[in-house]
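Input: a single structure, listed below in structure tokens.
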Amino acid sequence: MTVIYHEVKGRYIDSVLLMQITRELEQKNGVEEAAVMSATSQNLEIFESIGFNPPKNVESSSILIAVNADNETIATNTIKEALDMLDRKTESSDIENYALDDLESLTEEGDFPLLYISTPGKYVEDIAKKGLNQGVNLHIFSSNVPIETELELKKIAHEKNLLVLGPDAGTTIIQGQGIGFANVIREGTIGIVGSSGTGIQELTVLLDKGGLGISAALGVGTNDFTREVNAIMTKQGIELLHDSSMIIVVAKKPDATVMKEVVKILSKKPSAFVALGDADTYTEGETYVTGYLDDAINFALEKAGKEPLAIPEAKMDFDLQGRKFVRGMFVGGSLCYQAQAILKKNGIDIYSNAPLDENHQVDRNWDDLDACIDTGAEEYVQGRPHPMIDPRLRNEMILDECRKDDVAVVLFDVMLGYGSARDPLDGLENIPEGPVLVASITGTTNDPQDYAKVEKGLKKLGVKVFTSAQQAAEFAAKVLEEK
Amino acid sequence: MTESKEKTNGSISDEIDAANEKAVERVNKGKAVLVDFAPAKKVIPGMRDDLILHAGPPIEYKDMIPAMKVAVQGVLILEDKAKNLEEADKLAASGEIEFKPNHEFSSAAPMGGITSASMYVAVVENETFGNKAFCNLHEGRGKILRFGGYSDEIIERLRWMNDVLGPSLAKAVKKNPIDLKVITSKALAMGDEFHQRFIASSLLFLKEILNPLLDTEAGVKGVNFIAEREQFFLNLSMPAAKALIDPADGIDYSTVVTRLTRNGVGYGIGVSGLKGEWFVGPAEIPKGLYFPGYSEDDAEHDFGDSAITETIGLGGYASAAAPAVTRFVGGTVKDANQMTMDGYKVSVGESRDFLIPNLNFRGTPLGIDIIKVNQTGLVPKSNTGIGGKVPGVGQVGAGISRAPIEAFRDALRAYAKKYGL
Amino acid sequence: MIEGKLKVFAVGAEWFYQEMDKQDIKLYKIDWAPPVELPKDISNILKGLGKN
């Protein structure tokens with residue numbers, strides 16, 4: 001217990017701001033009690049009533065900061081933070097608010113207007129129609145939009161030559177700007193169209209890591225590749241990006257007929273189609289079809305005369321000691337899906353809450369099973385932020401797995417970029433020793449998080465870090481061969 | 001020639017609009033002049049020895065929150081009806097004392113709002129319409145009766161207020177009646193919003209009363225008493241608001257809100273076209289910031305008649321003129337403006353005399369319409385003090401309280417029934 | 001390629017608005033609140049008044 005008092009002379013600060021500062025200080029870890037008030041005799045009584053013993057020689061016109069913390073370091077730091085807050089200038093907000101009916105008047109000649117919708121799904125239809133009626137493209141992050149509505153919106157948009165990106169679309173990148181969850185990618189000539197958000201993210205960062213760049217990345221929503229929707233927006237997106245040097249399409253579990261049609265459209269030019277969950281690899285015309293993200297990237301790299309993705313060397317320097325299970329804890333749904341496909345290919349009977357097939361469904365209990373969990377799935381995000389925005393729950397689940405004595409390898413993804421948490425390793429301190437830890441970072445060195453710092457942080461925790469999610473999953477499979 | 005008296009729903013809309021316009025016009029035309037101070041029994045019509053007035057909608061003694069109960073007990077001691085709190089409690093519960101809302105006796109008072117027969121009250125006259133309104137004297141902050149505080153010190157102060165200050169203020173004000181509406185307009189341009197912040201208006205009032213009060217028994221002590229109390233104007237602002245809103249009450253077809261008030265249990269509203277009826281929903285704990293050492297665990301639910309200020313377009317609706325107050329809940333200038341802009345969405349008209357400099361001197365939203373509140377869900381919001389649960393603790397913080405939508409739904413249902421919709 | 005000057009109107013979650021605001025995007029925040037859910041009888045009364 002350390003108590004520190006600090007007097008600030010010659011400042012007048014509104015008591016309301018002081019109350020706000022007090023509140024912020026009290027919420028910090030290791031702070032028992034804090035108070036920031038002007039040192040009037042009335043307030044000194046209040047300091048005493050909370051348990052402080054303020055110095056008697058403080059001037060009544062001064063501001064007194066009192067901190068009671070677990071140790072001296074925390075107390076000193078807290079005082080410093082309080083002083084910073086006293087100097088904090090509030091930003092004046094010049095932002096005006098607009099209504100949904102204003103879009104048309106706000107759109108000028110030569111604009112590419114886009115309405116980003118992230119309201120609950122039941123409100124999307126009205127909002128979307130308002131946007132389309134005013135000639136505005138849509139990116140719909142919201143999920144739980146009925147498929148009939150999606151089809152209707154996409155048909156209307158197609159008539160007007162507008163885009164409907166989504167519903168349930170996580171990522172779009174236009175002219176280098178990130179819409180939704182997106183990484184900062186080198187500008188280039190490769191176009192990405194996908195019905196899977198984290199699949200798009202992984203493709204874009206791998207291109208960047210390989211030395212290539214993108215023209216645009218369009219997230220068409222998880223249902224675009226269903227029979228009903230029949231890839232309307234994928235086709236429109238491919239058309240829109242036709243002058244890219246190459247187009248890569250990614251989809252999770254696409255309907256076979258729909259996929260075939262899209263591949264046919266692509267096949268006239270160098271392109272790739274990643275069908276996550278499918279085992280087949282083949283070429284049709286100029287299109288390389290595969291189930292794995294890295295393979296498509298390496299195809300693109302080769303076409304551009306570049307080296308394939310580097311695979312970091314990872315020492316097999318562990319002793320499993322009878323441990324046998326693999327547990328994947330993912331924030332990226334597509335990466336979870338790809339990992340399952342890779343593990344299955346290697347003979348592992350892999351279960352999931354978002355499985356490859358219905359016979360491998362698992363809910364809350366995966367004891368005695370190999371499992372990959374998508375922590376961004378519906379059941380985990382009820383009333384909580386998405387794990388890409390706040391990964392602490394997923395990170396806690398990683399710790400849980402590490403505490404078990406039968407888990408051989410824990411596999412996970414770290415997502416960087418706009419939209420994602422600035423500290424993705426929050427809550428991963430003090431990982432218990434036990435399983436082999438394997439991860440990949442979906443990010444670039446230009447992302448708002450510090451890639452190098454994140455990588456270093458992971459390695460310090462004993463995690464084997466790979467360039468891609470595919471590499472990480474393949475290594476996890478290799479680890480299990482040692483059991 | 002027979003006149004067709006068939007009312008279509010189209011024309012009822014016209015009736016409502018006309019009635020509401022009349023209500024707003026009446027508020028705008030009103031004056032609020034402080035003319036006297038006197039014992040309640042002497043000036044409040046219907047006041048009796050065995051009657052105690054309280055804040056909020058009707059409530060029985062046994063159901064009152066602790067802070068209000070202790071205030072009642074203290075007042076019974078002051079009235080020499082009991083020797084101690086226990087006796088007072090028994091008397092209050094006995095049925096020999098009647099309890100009625102301030103609002104039903106042309107009064108409005110803050111927090112517990114307890115008013116008794118011999119208590120000095122301010123008398124505010126609406127000279128345009130001749131009606132009067134009343135409010136007890138402002139005790140101050142901290143340990144006071146209106147927060148349920150009881151001690152020798154408190155009782156002694158209250159006795160002095162009644163025996164010396166009240167009569168002195170009466171003398172001062174009778175010689176120099178004070179126009180409270182003018183003070184309100186001026187202070188609105190100085191950052192007061194008249195629910196939580198009265199710094200400017202209290203000073204302007206002090207300026208008016210200073211010399212006349214010096215020339216009385218209370219003298220310097222009286223002047224200092226007022227000067228020390230940053231919210232002194234609260235107990236003048238409330239009867240001024242009551243005096244201004246009352247002539248707008250009882251207009252057939254009008255859907256304008258004429259009462260907004262809470263007692264810690266219920267939050268009650270009254271509607272002009274439904275005169276005398278109460279519509280009550282649950283009072284909530286305001287959301288806000290707490291003073292050091294306090295938290296939501298210490299907070300009492302919303303109580304006091306002070307929300308009367310919102311009925312005349314002040315308080316939360318004047319937030320755009322007083323952004324400093326909105327900061328209490330971590331709000332910004334934008335949030336302050338939003339509270340006022342939301343007010344326009346649910347109001348019939350605008351104040352002619354209460355102007356907001358930042359909005360190009362636009363009048364504050366005036367005439368809360370229960371129809372619009374039902375349509376938009378935008379219930380009246382107040383910047384209010386948060387009282388402590390434990391009697392006598394006083395104010396533990398400040399925050400935003402909202403009127404319950406249920407009260408507005410019930411009011412609309414009753415309105416539909418009465419006017420045959 | 002996507003031609004034209006990108007202009008984004010954001011409605012819904014504050015988080016994404018903040019994240020896009022940090023980039024180089026011409027960005028507008030759209031004021032929107034979910035439509036008020038009314039009890040049936042209230043809805044009927046309002047309809048009767050021609051104010052639904």
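Owing to the predicted nature of the structure, the values given are computational and were not obtained by experimental measurement. First the proteins, then the strands, lettered A, B, ... as listed; each starts at 1. Excluded from the calculations below are hydrogen atoms, water molecules and symmetry mates; all remaining heavy atoms, backbone and side chain alike, are included.
Considering only residues two or more places apart in sequence or on other chains, B:Ser319 meets the side chain to side chain donor-acceptor pair (under 3.5 Å) condition with B:Asn383.
Residue-environment remark: CZ (B:Arg402) stays at or below the threshold of 12 foreign heavy atoms within 6.0 Å. Shown here is B:Lys345, whose NZ atom has more than 12 heavy atoms of other residues, nucleotides or ligands within 6.0 Å.
Applying the salt bridge (Lys or Arg N to Asp or Glu O under 4.0 Å) test to pairs two or more places apart or on separate chains, those with a residue in residues 69-83 of chain A are A:Lys28-A:Glu81.
B:Ser295 contributes atom OG, which lies 9.5 Å from atom CD of A:Glu26 (distance to the nearest 0.5 angstrom). Here A:Gln20 contributes atom CD and B:Leu289 contributes atom CG; the two are 5.5 Å apart, rounded to the nearest 0.5 Å.
At a 4.5 Å heavy-atom cutoff, B:Tyr294 makes no contact with chain A through either its backbone or its side chain.
Here the closest heavy-atom approach between residue B:Pro292 and residue A:Ile46 is recorded as O-CG2, 4.0 Å.
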